[in-house]
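Read through the structure below, which is laid out as structure tokens, and then see the notes.
In what follows, chains are A, B, ... by sequence order, proteins preceding strands, each numbered from 1.
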Amino acid sequence: MPLIRDSLIELIREGIHQAQAANVLPDFEPPDFVVEHPKQATHGDYATNVALQSARLARMAPRAIAQAIVEHMPLADYIGRVEIAGAGFINITLAPEWVAQQVETIQAAGATWGNLDIGTGQKAQVEFVSANPTGPLHIGRTWGAVLGDTIANLLEAVGYKVTREYYFNNAGRQMQILGKSVRARYMELIGKPATFPEDGYQGEYIWEIARTIVQEQGDAWANEGWRPFKERAEAWLFEDIRNTLARLGIHFDVWFNEHDLYTSGAIERTVQALRERGYAYDKDGAVWFRATAFGAEKDRVLIKSTGEPTYRLPDIAYHVNKLERGFDRIVNIFGADHKDEYPDVIAGVRALGYDADRIQVVIHQFINLVRGGRQVRMSTRRANYVTLDDLLDAVTITHPESGVTIPGKDPVRFMLLTRSPDSPMNFDLDLVAQQTPENPVYYVQYAHARICSILRKAEEEGWHPTGPDGWETSDTTILTHPAEQALIKKMLELPEVVENAVQKLSPHQLSFYAMDLASTFHTFYRDCRVLSSDPGEKDRTRARLKLVGASRIVLARVLGLMGMTAPERM
RNA sequence: GCCCCCGUAGCUCAAAGGAUAGAGCGCCUGACUUCGAAUCAGUAGGUUGCAGGUUCGAGUCCUGCCGGGGGCACCA
């Protein structure tokens, strides 16, 4: 079934056509118009500004246009009332009987509720995190991690076959410094003279890696250069990064290694192809990319006069590789520091004749770490950062009474998903430390736990979902109470929220929807007693249990899309 | 100097060019003998950084300015 919103747009377009055919409206091309959920409940469930948008084209008063559209648009079974209001808005209210019946639809869809057929049969790839293995993941990386994983979840929900990919640079100078840093600590541990590199990594983890090597090798590496230390450190850090990401609920399908682009010859082929097409040339001993051919201010160096490629070359080769793997849609999650870089990559891909429109980039701003009211600048090199592991430890809470533990990924993911990626974020460590149960994260989860509690209680009292008289088979058309209707309508919005979030690559809409849904459920809970021992209320109890069951499905689904747990008790 | 993002309630943040700018936290008031009070109902809190412009209509689009962040490499 198409989205109600899209279906309404069709009906309205048809209304315009019919009115034009009847000469009630003059001929004009219907403008782009929106069908949205009005802020005010008295304005119905959906509203459109089509008449206002058409006023100039039709040379008529908006209200008169609205009148003509309303009189000529076909009705559907889900439409209850159509009204003209204000300056010329058309307000549409859903039919209560139809709404009530939709509980059945949601129950039948189960865990697939909210899924759409946008990318069915297509392959998508999301590249995110992609931090170089020079240290543990810090808080600054967390936003990209959560954004990428949630966008991947959303793409899966709309039908794409999704590959989650982590690209890491293990060929550059930073890795060499890492190796030298570890080597220096190692030498110190086995009592050999060593000088720590001036620009070395100062974190405690360098000592840990060195101690690991001492355990494994004793002093056998005393005469080794930095290379084996770099190899061992890289492996150690990857283990660490992988574990940290797993705690966030993130699992990658592909760990793409920059080094492979060299060994496979992809780098060489990329330069060659650019040369052949006239987009690469030699100057001052370096190889340049003709970025100006694609609107850039100046050309960029691909290979330095020292013979080393700049980051641009492997990045272009990598994206060519992605496209050759046949992805229909490629999403990159970058921090704001890469904002001016990716146009070069896109240009490079385009220069080689590939369809760069398949590539989308989500840029997120930086996390501004605040402690004691002051900004903390993060730097891996100077070991001035808060690790994601430490953060996850700090926000994992166990409720003293129930003994239920809510993993740290829940508040972390939720918090990051209440921000638009465009908006810079202040992350106050003092506030994180004094986590309270009043956090909206727990508000949403509490609604789910409360639902589970009702269903448990129902079970105890003999109300079963299946079997003879099971509530899953109940007739829900009696659910006409305003709180029941409001709850069902809110659940019906999920597919639209998913569609919006995918289209705008803005997963933060999920968290606001989740809070809204939880709130609507809590209001229903207050107004509508579910379990009744009155024999005359049997049908109502069964129908409401079906509604509660559907609410659980939708809440769990949203939490799942956000990568959070849906606790049955807390 | 040039380019990009941001500026909305005390704080953290939402808001397809639409109707009276919304949540959460915090403040204040009330509600547990009843399916979970991690809840609910209510109060207070705003010149959407400033000044112009476009539009029937601007937090949203355009111009200028102020403030914060990011970039402007033969670093990644």
Side-chain angles (χ1 to χ4, degrees), chain A residues 5 32-36 38-40 42-43 47-49 52-53 55-56 61-62 85-89 91 130-132 134 169 172-174 258 283-288 297-298 300-312 314-315 335-341 363-366 368 375 399 401-402 406 415 418-428 431 436-447 449-458 460-461 500 503-504 508-509 511-512 515-516 518-519 521-523 525-532 541 544-545 548 569-570:
Chain A
R5 186 186 57 197
D32 281 337
F33 59 94
V34 296
V35 170
E36 60 182 0
K39 290 171 193 155
Q40 248 189 290
T42 55
H43 293 150
T48 177
N49 61 354
L52 295 146
Q53 299 286 359
R56 176 174 295 176
F89 292 97
N91 294 337
S130 295
N132 293 337
T134 57
N169 172 318
R173 209 177 82 86
Q174 297 308 320
E258 182 195 7
K283 194 181 91 179
D284 304 333
V287 182
W288 294 71
E297 277 183 29
K298 50 184 181 179
R300 302 291 184 176
V301 171
L302 287 175
I303 301 177
K304 301 185 239 177
S305 49
T306 60
E308 285 175 288
T310 65
Y311 63 89
R312 262 178 218 99
D315 276 3
D337 54 338
H338 286 250
K339 180 123 194 164
D340 290 336
E341 175 220 328
I363 301 284
H364 63 84
Q365 299 299 308
F366 283 178
N368 182 25
Q375 187 177 343
H399 194 255
E401 285 170 35
S402 66
I406 303 292
M415 188 194 63
T418 53
R419 269 88 169 160
S420 156
D422 279 339
S423 189
M425 170 168 55
N426 285 323
F427 195 106
D428 194 323
L431 287 182
T436 65
E438 275 72 44
N439 193 310
V441 185
Y442 309 120
Y443 177 85
V444 176
Q445 292 183 318
Y446 178 74
R450 192 179 229 183
I451 286 169
C452 292
S453 171
I454 295 171
L455 296 177
R456 277 195 302 270
K457 177 111 178 168
E460 284 167 21
E461 295 183 3
N500 265 338
Q503 203 241 319
K504 295 161 74 179
H508 67 283
Q509 307 202 3
S511 62
F512 287 90
M515 285 189 274
D516 217 8
S519 168
F521 178 81
H522 286 310
T523 302
Y525 176 86
R526 181 200 53 168
D527 290 345
C528 301
R529 172 89 200 177
V530 177
L531 301 174
S532 170
T541 293
R544 283 183 173 167
L545 278 169
V548 169
R569 290 187 168 84
M570 53 192 291

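Here A/A458 lies out of heavy-atom contact (under 4.0 Å) with every strand. Residue contacts for A/R526: at a heavy-atom cut-off of 4.0 Å it reaches the sugar-phosphate backbone alone, with no base atom in range. Within 4.0 Å (heavy atoms only), A/C528 reaches at least one base atom of the nucleic acid. Here A/R5 lies in heavy-atom contact (under 4.0 Å) with a base. Nucleic acid contact for A/M415: none, since no nucleic acid atom lies under 4.0 Å from a heavy atom of the residue. Backbone-only contact: A/D422 has heavy atoms under 4.0 Å from sugar-phosphate atoms and none from a base.
The nucleotide whose nearest atom lies closest to any side-chain atom of A/N426 is, among B/C40, B/A19, B/U12, B/U12. Of the candidates B/G36, B/C56, B/A14, B/A14 carries the atom nearest the A/S420 side chain, counting heavy atoms from C-beta on. Relative to the side chain of A/Y446, the nucleotides B/C74, B/U39, B/C56 differ in distance, and B/U39 lies closest. The side chain of A/P38 lies closest to B/A19, out of B/A19, B/G36, B/G24. The side chain of A/R419 lies closest to B/A14, out of B/C5, B/A14, B/A19.
Only the C1' atoms considered, B/G42 is 14 Å distant from B/C27, to the nearest whole Å. Separating the C1' atom of B/U12 from that of B/C6 is a span of 15 Å, rounded to the nearest Å.
Relative to the six-membered ring of A/Y525, A/R450 meets both conditions, a distance below 6.0 Å and an angle of at most 45° to the axis.
In this structure, A/F89 counts as stacked on the base of B/A19 under the 5.5 Å centre distance and 30° plane angle limits.
For a distance-only test at 3.5 Å, the side chain of A/T523 fails to qualify as a donor-acceptor partner of the base of B/C40.
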Secondary structure of RNA chain B per the Watson-Crick/G-U criterion (both distances under 3.5 Å; [ ] crossing, | other strand, . unpaired) is (((((((..((((....[...))))..((((.......))))......(((((..]....))))))))))))....
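Across the protein-nucleic acid pair, A/E36 atom CD and B/A15 atom C1' stand 10 Å apart, rounded to whole Å. Rounded to whole Å, atom P of B/U55 lies 15 Å from atom CD of A/Q53.
Annotation: of the two residues near RNA chain B, A/V530 and A/R56, the 5′-most nearest-nucleotide partner is A/V530. Of the two residues near RNA chain B, A/I303 and A/N500, the one whose nearest nucleotide lies more 5' is A/N500.
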With sugar-phosphate taken as primed atoms, P, OP1 and OP2 and all else as base, the protein-contact string of nucleotides 65-73 of chain B at under 4.0 Å (heavy atoms; B, S, -) is ----SSB-S
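For the pair A/H508 and B/A15, the criterion of a side-chain N or O lying under 4.0 Å from OP1 or OP2 is met. Contact annotation: A/K39 side-chain N/O to B/A21 OP1/OP2 distance is not under 4.0 Å.
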(message) Would A/Y311 and A/N169 count as a side chain to side chain contact (heavy atoms under 4.5 Å, CB included) here? Give the steps.
(response) CA-CA 9 Å; A/Y311 63 89; A/N169 172 318; 5.7 Å; no
